[in-house]
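See below for the structure under consideration.
Note that these values count all heavy atoms, side chains included, but never hydrogens, waters or copies made by symmetry.
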Amino acid sequence: MGLPAIPDAYLVPVILILTFVVSALLSLIFCGIARLLFPKFRSGEHKPGHHRSDLRSDLPASGREIKTIELPLVGGPSFTLAMLITGLVAGYLLFHTGEQWTLLLIGLGATLGFMLIGLVDDWHKVYSKEGLSERAKFSSLFVLSVAAGACYFFLTPKGPESYSPYIGLPIIGHLICPNASPEMSACPLHPGELAYYAWLVFLVLMTGVTGSVTSLAVDFSDGLDGLAGGLVFSAALAFGIVTTGIIDRPEGQVVEVLSLLCAGSTLGYLPWNWPSAWAARGRRSSAKRLAQIYMGDSGALALGGLLAMIAIFDRQETLLFLVGAAFVLEGLSALSARLITRFYRRQLHILRFASTREFIPHTEFPRPFLATPLHHHFDLLGWDRRRLVYGAWALGACFAVLGVMVGLAPETWQRYLGRILVLLLAWIVWSSGSWTRRYFVGKHPPERSRRRRLALYYGFPYRIMGIPLYHLVEVIEASEDVIETPAEELALWQRMTIFDARAMLGLYCYRAGYYPAALAQWTRIPAGNRALRPAIARLLEELDSRLALEKQETQPIKREDLLRHQEPPLITGNLGPADVPNPHEPVSGTEAEAVQESWPLPVTKTVEETAERQSTSGSDRLPPEALPRDTRLEAIHNGHSAPDARHLAATTGMGEREPTSTGSSQAARTQGRSHSPLSWLQRFLHRGARSSHPSQQQL
């Protein structure tokens, strides 16, 4: 007895499940083999952007290349090969007909073509340090997608057949289906008719746009370990669930196989690219990195192109925008940033900086995100990368569930409800960029009435039913006693950019006498944004003068020499140093201590003078230099208000107060006492005591 021409109805689900499992296992094995065979196939490209500090002119001539932290770009070819092998075997086991084989080969061939385009791009990144240009990449993807659409039209029976919702459009519907009616879902066409050629042009262009845009959107989302893989898995699985309703059709079985191949191969790749909290810069650099390979452009373009082919073969192009709404957000964020920035450069006039001729960085524009694609915005805010990727996976799963609800809902109102929920969720994610990028300076803790320190927050200064809409970033050394004017009090709890917030915090630390903390705040502001705030430069010069006088030197010490890192930067070569401070991340204690060794606090009062002043004023506080270093963080240094502090107050939106004659005479008396012979003798004895007790020099 021979094998039947068509497998049993119970055997088809088993073969489909095996297709998913085998593709995942082969992808897992092939990725491991490729990692061992090609460990040096790593990118050397640097794409400048403000989420990566573009300070190449300040880099040394020699140093390690970017490849020291990049991973091998071997994931894409590995799981594409797994998809091709498993797909051909599944087609043989399912006894596909000639029509099904044609459709399957078109899908797998298009996936292979997308992968080859990405592989050429990766090859240039590895050996030429620069990938394909955007125009060349988009043109190649568009031509390949057009070719796949033409093959689908001429080689399959369903190709020359227009379908809804396009036949219901006002103008296009009449061209592609002259005899359309509201009840029709498909309109067969024949050669020689005008509608036949109109549908050919429409289908080819739609396939070209859908294939190229979807593949680029997946490529945009491949910016963090595991991000693109998890999103593609949920989208492909959603298509597989929706396709089960038409699996009895010839094209339905092929679409189901392609969906399971896409989901299974991505699942096998994820263990090699699992997300972690590792980052090349800042406080997260000590975390262990779990990812071992990248999918590269070859993998991202292949997965995006395969999703587009699945949607076109299934005639569910609109469903692709629902289940892949995360990719839509990534692509729109990158496109909108480019268009908005160019428009702002030519048309937007910021009145705040109208009196200066300094170049205005794009970070000062009211853009929706700090950096694009979208995931770079939250990464720049200092979010934990592992939690960020997990949150993106959950978001993609929500979009996939809503897409499945739309695809399987029997009632029209249910489908419209699902689409509305998708749009609402996408709008929430999009609008989150505007409120997460805003910071404010307040007091910590907010509930206490006195003896509070100033702090940096981001979000909204509100609580709803006890739920805070803000996040505490850091608490500085200065307390609320440094607030001098009502205008400065009103400036608290007001949302502003991170650069204005850092400028305010630096001013308060400087006014309180915590010069290392002030320097740490101001150096967190990028050079372009700091140039728009000239008061910071004047205060830095004032700080240099004070420290130069304190050390009895004729020339101020250069800050570049004092802030020189003891350890070499993590990344050099053609990539900006990864350890450049991120203005959106909190200032760490080790960073303040590194500056503390080079910027000692001046001693302006002796213990006897402090006790006399306390007996006069009734205060129970000691100046910070009279306290141990661990207690100095809680103390407030009085009498160090800089003459140029009012300029920074005006720049950051706070009011200014003209110095009175009494305040000036008191400052002069204080300065005179700080340089008296008795004060210098006391300082000498104090340093001698510290040198004899080295254990007390550490916090």
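- In this structure, W101 and H96 have perpendicular ring planes: the angle between them is above 60°, well past the 30° mark.
- Residues P368 and I340 have side chains in contact (heavy-atom distance under 4.5 Å, counting atoms from C-beta outward).
- Distance OH/Y166 to CE/M206: 4.5 Å, rounded to 0.5 Å.
- With contacts defined as side-chain heavy-atom distances shorter than 4.5 Å, the pair L423/R419 does not qualify.
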Going through the distances and angles, do L374 and F220 end up as a side-chain contact (heavy atoms from CB on, under 4.5 Å)?
CA-CA 9 Å; L374 179 61; F220 283 140; over 6 Å; no
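- Counting heavy atoms from C-beta outward, L93 and T19 have side chains that stay 4.5 Å or more apart.
- For F321, the CZ atom sits in a loose shell: 12 or fewer heavy atoms of surrounding residues, nucleotides or ligands are nearer than 6.0 Å.
- Put simply, CZ on F38 and OG on S78 are 8.5 Å apart, with the number rounded to the nearest 0.5 Å.
- Within 6.0 Å of atom CH2 in W430, more than 12 heavy atoms from other residues, nucleotides or ligands are found, so the atom counts as buried in its surroundings.
- Side-chain contact between V406 and Y416: absent, with no pair of heavy atoms (C-beta onward) separated by less than 4.5 Å.
- The OH atom of Y163 sits 11.5 Å away from the NZ atom of K158 when rounded to the nearest 0.5 Å.
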Could you please spell out the steps behind the side-chain contact (heavy atoms from CB on, under 4.5 Å) verdict for L319 and F239?
CA-CA 9 Å; L319 184 63; F239 267 108; 3.9 Å; yes
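- Closest approach of L303 to C262, counting heavy atoms only: CD2-SG, 4.0 Å.
- Under the 30°/60° scheme for interplanar angles, the aromatic rings of F20 and F233 are found to be tilted.
- Considering every non-hydrogen atom in both G149 and V204, the closest pair reads C-CG2, 4.3 Å.
- For the atom pair CG (D121) and NZ (K137), the distance works out to 4.0 Å, reported to the nearest 0.5 Å.
- Comment: R338 engages E134 in a salt bridge, judged by a side-chain N to carboxylate O separation of less than 4.0 angstrom.
- Using cut-offs of 30° and 60° for the angle between ring planes, the Y390 and W393 rings count as tilted.
- Residues L84 and L261 have side chains not in contact (no heavy-atom distance under 4.5 Å, counting atoms from C-beta outward).
- Aromatic pair F202/W199: centroids less than 6.0 angstrom apart.
- Across every non-hydrogen atom of P275 and G226, the tightest pair is CD-CA, 4.4 Å.
- Between F369 and H377, the ring planes lie perpendicular to each other; the angle is over 60°, past the 30° to 60° tilted range.
- Remark: E130 CD is loosely packed, at most 12 non-hydrogen atoms of other residues, nucleotides or ligands lying under 6.0 Å away.
- Remark: Y196 engages F153 in a ring-ring contact (aromatic ring centres under 6.0 Å, His included) (not counting sequence neighbours).
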Might you work through the side-chain contact (heavy atoms from CB on, under 4.5 Å) test for L119 and W123, ending with a clear yes or no?
CA-CA 6 Å; L119 185 60; W123 187 276; 5.6 Å; no
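- When side chains are defined from C-beta on, S298 does not count as touching L73, because their heavy atoms never get closer than 4.5 Å.
- By the neighbour-count criterion of 12 heavy atoms within 6.0 Å, atom CZ of R345 is densely surrounded, having more than that number from other residues, nucleotides or ligands.
- Side-chain contact check for E317 versus L320: every heavy-atom pair is 4.5 Å or farther apart.
- With N273 contributing its side chain and I293 its backbone, the two residues share a donor-acceptor pair below 3.5 Å.
- Scored by the ring-ring contact (aromatic ring centres under 6.0 Å, His included) test, F378 finds W383 as partners (sequence neighbours excluded).
- Here CZ of F313 is found 11.0 Å from OG of S259. Values are rounded to the nearest 0.5 Å.
- Looking only at distances, no side-chain donor or acceptor of T266 sits under 3.5 Å from a matching main-chain atom of V232.
- Between S221 atom OG and H375 atom NE2 the span is 7.5 Å, to the nearest 0.5 Å.
- Proximity of Y152 to M309: side-chain heavy atoms (C-beta onward) are nowhere separated by under 4.5 Å.
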